[in-house]
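Working notes for the structure below.
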Amino acid sequence: MQLVITMFFLVSSSFLWSSVSVHANVLMVLMEGDSFISGRTDQRHSRNYNDIRMHKEMIGREHDVLLETLLDSGSYTKLYSYSHLLNGFAIHVTSSKAISRLRNATGVRSVHEDVKLAKLTTHTPDYLGIPSGVWPTLGGARSAGEGIVIGMIDTGINPSHPSFASYPSFGANGSMNGYTGKFKGKCATGVMFPFTACNGKIVGAQYFARAAIAAGDFNATRDYASPYDADGHGSHTASTAAGNFEIPVIVNGFNYGNASGMAPGARIAVYKALYTFGGYMSDVVAAVDQAVEDGVDILSLSIGPSSVPPGPSAFLNVLEMELLFATKAGVVVIQAAGNGGPLSSSILSFSPWITTVAASITDRKYNSSIILANGQSLSGMGLAPPTPGEGLYPMAAAADACRHNTSIGLVESCQNPEPFIPPLAHGKLIICTYTFDFEFDSASISKVAETIRSIGAAGFIMTMDPDVGSEEVKGTTVPFAVPGIVLNNIEASTALWQYYNSRTLRARTGRAIAFTATAKILDGRLATYTGQVPIVAAYSSRGPDVNNALLQTADVLKPTVMAPGTSIWAAWSPNSEGDQYARGQDFALVSGTSMATPHVAGVAALIMQKHPQWNPSAIISAIMTTTDVADKFGNPIMAQEKNQLSPATPFDYGAGSINPSRAIDPGLVFVSKFKHYIQFLCALPGVDEESVRRATGAGCPSSRKAWGSDLNTPTVTISNLVGTRKVIRTVMNVGEETETYNVTMVEPTGVKMKVSPHLFTISQNATRRLKLVLDATDATNAYSFGQMLLQGNLGHLVRVPVAVYVSSILGS
Ligand SMILES: *[C@@H]1O[C@H](CO)[C@@H](O)[C@H](O)[C@H]1NC(C)=O
Ligand SMILES: *[C@@H]1O[C@H](CO)[C@@H](O)[C@H](O)[C@H]1NC(C)=O
Ligand SMILES: *[C@@H]1O[C@H](CO)[C@@H](O)[C@H](O)[C@H]1NC(C)=O
Ligand SMILES: *[C@@H]1O[C@H](CO)[C@@H](O)[C@H](O)[C@H]1NC(C)=O
Ligand SMILES: *[C@@H]1O[C@H](CO)[C@@H](O)[C@H](O)[C@H]1NC(C)=O
Ligand SMILES: *[C@@H]1O[C@H](CO)[C@@H](O)[C@H](O)[C@H]1NC(C)=O
Ligand SMILES: *[C@@H]1O[C@H](CO)[C@@H](O)[C@H](O)[C@H]1NC(C)=O
Ligand SMILES: *[C@@H]1O[C@H](CO)[C@@H](O)[C@H](O)[C@H]1NC(C)=O
């Protein structure tokens with residue numbers, strides 16, 4: 001099986017999922033012996049950069065010595081030494097002998113073949129209630145996130161974008177503008193990336209491409225040997241997390257409103273490790289190692305593997321292990337869930353130390369209409385301007401406005417201006433057809449718009465080919481410079497054709513000779529804010545979480561939380577190498593769990609600014625226990641399935657839809673530390689102590705029988721309940737005062753739940769153990785859901801979702 005690293009975004013509403021095989025002989029070799037982080041209890045707050053540098057040099061030398069003694073010179077190239085989170089290296093080898101020598105060498109803990117990772121506006125601050133609910137408590141928008149550095153592992157950044165301009169308050173001259181924070185990352189200059197690119201808003205920028213280069217996938221013309229974002233994805237995610245406040249989104253001269261990141265005062269550190277073609281795991285691992293060494297506070301990864309990694313457990317793969325050490329170092333790790341929904345068990349981010357983000361649809365809708373002369377109004381899609389004035393414009397079908405002797409294939413798809421007869425087409429609305437060519441990317445709506453402009457037509461009307469019949473039309477979220485509408489349903493398309501045919505006079509040959517059908521297109525760029533939201537997006541990957549490639553489920557709730565991911569406006573890069581539709585634009589409206597992820601990274605920055613002493617698990621706990629599970633109308637949140645909506649479960653949205661103004665003051669938090677995660681790993685079915693030791697360097701605790709469900713998270717997930725299970729949770733009062741909480745339950749089907757105490761008073765900073773007993777009463781042989789609700793007398797509300805699969809009511 002080939003794994004592919006994927007950027008989780010949809011290109012113009014189609015899911016890009018390339019499954020490219022690996023040609024590189026790149027290996028990641030993990031060594032016995034400590035990395036900087038595994039060897040200490042060091043946290044974010046006490047960094048000694050001198051120690052870090054000395055450790056790095058020593059480890060690098062050890063790797064070189066090992067390789068020199070083991071392998072013939074010239075038979076390999078060391079690509080990276082990893083020293084901060086992992087002790088290991090990436091190496092490009094040319095002989096299989098080298099591989100077996102490495103596997104057998106003393107001091108080598110494990111050898112992993114590299115895997116390729118393919119690619120997986122913001123009205124959202126308002127939608128999430130951040131400007132009124134959170135920013136004021138942090139000194140206003142421009143200082144919201146101040147002091148926090150968010151590391152973006154992505155396709156780089158477009159440094160000249162206004163979303164990343166330096167604020168006067170950041171200082172305004174020279175490189176870094178006098179940034180004097182604790183972050184110590186480098187600014188690698190290069191093509192399109194002058195040294196002034198690191199301007200204080202961007203505090204560091206590096207790129208990692210050695211494996212991509214070794215594999216022959218890196219094309220310097222297309223991919224840029226610098227942190228510059230030639231794709232758009234990285235600029236989009238960075239601006240969503242920490243882009244500047246009040247940046248007008250102007251596309252084709254039209255202002256779509258202002259954009260802002262979630263934490264406009266946070267700094268951005270760029271680690272480019274992904275390219276238009278995707279990326280390699282060993283480059284991503286190097287990027288993460290460097291980011292934590294440099295001192296990022298939060299990591300945002302809108303990427304993941306293309307399928308469940310092989311091995312005894314998905315939790316033990318190299319990236320998950322590295323992210324465990326990042327957590328140990330005090331860094332909050334946010335990762336996209338994947339775009340494999342609505343299939344169940346399609347989650348591609350597995351571990352409880354990672355915050356896995358699902359994507360929702362928000363309340364902003366763009367709707368475009370066309371008014372026919374007979375008064376009929378048809379609605380569709382298209383971010384396009386209206387036809388000018390109040391007047392109506394004649395329509396002509398593409399085939400009726402083209403030469404008949406053309407050698408160009410199908411003229412109906414309007415991909416080429418050449419067959420059009422200019423005097424016939426001029427000033428008319430041209431009717432084009434969305435065919436399978438569009439589905440397979442050999443045609444695009446952007447090309448239609450170009451054709452219309454070059455033939456001087458008044459606009460276009462896309463109708464659906466009945467054989468395609470899809471509502472998932474590609475390219476409708478691209479802003480067009482000419483009037484146009486996509487009638488993305490068969491009924492509207494049929495109505496249009498009926499009207500056109502009834503008003504078009506034809507010669508006996510069939511040739512149209514008079515065009516009397518007329519219409520006007522209304523403005524498609526005006527947003528409306530309506531509807532039952534949030535809704536879980538169809539593409540958002542679903543739980544349950546799995547332990548391995550056999551899809552055996554684990555005692556972990558995934559996804560973790562849900563954030564807006566559909567039709568998000570944010571910064572772009574005009575090169576747009578990965579998405580031809582958005583080429584030339586400074587902003588793009590795109591969708592995916594990739595887009596949801598930086599929303600949570602930005603919110604984590606706000607909480608970290610407010611509560612600098614909290615460890616990553618406390619920050620995530622705050623986000624999880626304060627989510628919403630009801631929509632705007634107070635009804636249970638729904639999820640898009642294939643063709644319908646159904647009530648969403650925690651396997652669709654995790655703990656729920658994020659609510660930042662509540663997350664900033666959660667009342668209670670559930671805290672886990674590194675040793676608890678090791679205990680969790682040791683409790684996984686099919687994972688023995690040796691596998692845990694090989695992956696983490698840490699041993700399992702002595703023989704107490706344990707379950708994955710013992711980990712102190714604000715969720716209870718039991719993948720295999722047989723008889724009775726006791727679960728302990730420990731809460732800490734992070735509120736300002738002593739508070740009295742009562743605990744109520746909603747029991748999952750087939751389970752009786754008891755909690756003690758069910759009433760308790762907890763003083764500030766104190767902790768309290770809660771004992772839950774889950775008793776199987778009915779073997780459901782399916783997951784069912786419930787919750788535990790802790791209600792404080794000072795208004796805090798702490799919700800803990802419960803998911804249980806009852807296999808048997810009889811205890812063993
Ligand atoms: C190296 O490992 C292989 C199995 O991976 C084994 O067959 C071989 O004997 C080992 N060679 C040495 C020199 O230890
Ligand atoms: C440049 O920055 C320094 C310190 O950061 C400041 O003292 C100085 O006034 C700035 N110069 C200009 C021209 O803004
Ligand atoms: C590299 O990319 C450029 C620009 O996209 C392209 O013209 C060229 O053919 C590519 N080179 C290779 C070797 O693929
Ligand atoms: C948008 O941002 C501009 C500054 O760039 C500001 O003057 C304007 O008031 C903002 N508009 C809204 C609707 O917030
Ligand atoms: C789009 O807008 C038109 C006119 O405002 C309205 O009649 C139509 O119902 C809307 N369509 C959708 C899908 O919202
Ligand atoms: C098609 O016909 C036009 C005249 O109607 C002529 O000018 C043109 O050369 C012809 N093209 C082809 C490809 O035969
Ligand atoms: C709780 O911890 C906070 C932060 O460390 C501290 O400021 C506060 O005084 C502590 N309160 C009590 C009652 O110990
Ligand atoms: C739990 O506490 C809340 C807040 O003090 C209170 O409103 C509610 O009635 C209590 N519920 C029960 C069942 O005691």
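Please read these numbers as outputs of a predicted model, since none were measured by experiment. Whatever order the structure lists them in is the order used to number ligands and atoms, beginning at 1.
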TODO: Please check if the distance between the ring centroids of Phe193 and Tyr228 is under 6.0 Å.
DONE: no
Open item on the list: Under 3.5 Å between any N/O of Asn742 and any N/O of ligand 8: does that happen in this structure?
Closed with: yes
- [ ] Tell me which protein heavy atom sits closest to atom 5 (O) of ligand 3, plus the residue, atom name and distance to 0.1 Å.
- [x] Arg222 CB, 3.9 Å
- [ ] Please state whether Gly795 comes within less than 4.0 angstrom of ligand 8, counting heavy atoms only.
- [x] no
TODO: Check whether any protein heavy atom sits under 4.0 Å from atom 9 (O) of ligand 7.
DONE: no
TODO: State, to 0.1 Å, how close Tyr271 and Ala287 come at their nearest heavy-atom pair, and which atoms those are.
DONE: CD2-O, 3.8 Å
- [ ] Ignoring hydrogens, tell whether any protein atom lies closer than 4.0 Å to atom 14 (O) of ligand 7; use the non-hydrogen atoms only.
- [x] yes
Open item on the list: So for ligand 3, is Asn219 a polar contact partner (N or O within less than 3.5 Å, distance only)?
Closed with: yes
Open item on the list: Taking the six-membered ring for Trp, are Phe587 and His161 closer than 6.0 Å centroid to centroid?
Closed with: yes
Task: Partner of Tyr275 under ring-ring contact (aromatic ring centres under 6.0 Å, His included), chosen from Phe208, Tyr207, Phe218 - done: Phe218
Task: Protein heavy-atom partner closest to atom 4 (C) of ligand 3 - residue, atom, separation in Å - done: Thr221 CG2, 4.0 Å
Open item on the list: Among all protein heavy atoms in this structure, tell me which lies nearest to atom 7 (O) of ligand 8, with the distance rounded to 0.1 Å.
Closed with: Gln791 NE2, 4.2 Å
